[in-house]
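The structure appears below as structure tokens.
Order of listing sets the numbers, starting from 1, for every ligand and every atom in it. Just so you know, residue 1 is the first one in the sequence shown, and it goes up from there. Keep in mind the model is a prediction, meaning the values are calculated, not measured.
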Amino acid sequence: MSRRRKIYEGKAKILYEGPEAGTLVQHFKDDATAFNGKRHEVIDGKGVLNNRISEFIFTRLNALGVPTHFVRRLNMREQLIREVEIIPLEVVVRNVAAGSICKRLGLEPGTRLPRSIIEFYYKDDALNDPLISEEHITAFGWATPQELDDIMSLAVRVNDFLSGLFAGVGIQLVDFKIECGRHYEGDMMRIILADEISPDNCRLWDVKTNAKLDKDVFREELGGLLDAYREVAQRLGILTENDNALATGPRLVQ
Ligand code: UDP
């Protein structure tokens, strides 16, 4: 039996060649990193939870007509995805001030922003993913103005969907990061959502207690990262209280 070919290995995921042309297998690792890889830990079970949470979100986005790379989950740690040409941008949408924007602009964490704000960071570990403007993106040809429009409208649709989804289960969506790619079908190309959406790349605060249910638990060494991710999965109805079995849907919090 031949080993399948590894296409790319990142900090939290591995991409393998897929079973047919134009597909890849996205494998979720248990590795947690922060501060551009300076802190690293293996947290047993994180990959399984992120695979499930991301599947749940991407399936619903697909159903709403938001185009994504997600095809189907293959097993506990892997999903089948469409191959895309990744656009080298981290697209961050913020609803409430937290993290880097607080340091940069002197905002009090938790302040609701006057409106949702979209930011772009250039994906380059060696440069520490610098904040960039639309001018940089189009001038350097990382995306065309039309592609940038498509990316921003995807970001807004994802924000609307996620804000409502999480509000319904007692969680405030503070901010999140997405990545997009070019998907080619014959001579057609369109921008679709790629990567993952999980507590690794969102800030999720409990509405009542403001408890953090995301990767800040790891960044700030608060302990119990897996419990926080499991709580998100349980509220979304992905895991029952007894863990692994599949349940029916989100549990509404009054
Ligand atoms: N984020 C991410 N990957 C990154 C940087 C940020 O997923 O490489 C997410 C992060 O989890 C948060 C949002 O993007 O939900 C905004 O992050 P921020 O710019 O505040 O950076 P941080 O404070 O995490 O360094």
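Checked for salt-bridge contact, Arg235 and Asp206 meet the test: a charged N lies under 4.0 Å from a carboxylate O. Ion pair Glu55/Arg72 not flagged as a salt bridge, since none of the NZ, NE, NH1 or NH2 atoms sits closer than 4.0 Å to an Asp/Glu carboxylate oxygen. Salt-bridge formation is detected for the pair Arg203/Asp175: a Lys NZ or Arg NE/NH1/NH2 atom is positioned less than 4.0 Å from an Asp or Glu carboxylate oxygen.
Residues that satisfy the salt bridge (Lys or Arg N to Asp or Glu O under 4.0 Å) test with Glu9, not counting sequence neighbours, are Lys6, Lys29.
Taking the ring centre of Phe56 as origin, the terminal cationic atom of Arg52 falls outside the region bounded by 6.0 Å and 45° from the ring axis.
Hydrophobic clustering (side-chain heavy atoms under 4.5 Å, transitive across Ile, Leu, Val, Met, Phe, Trp, Tyr) groups Ile137 together with Leu127.
At a heavy-atom cutoff of 4.0 Å, ligand 1 is surrounded by Glu90, Val92, Arg94, Ala98, Gly99, Ser100, Tyr121, Asp129, Asp175, Phe176, Lys177, Asp200, Asn201, Cys202, Arg203, Arg219.
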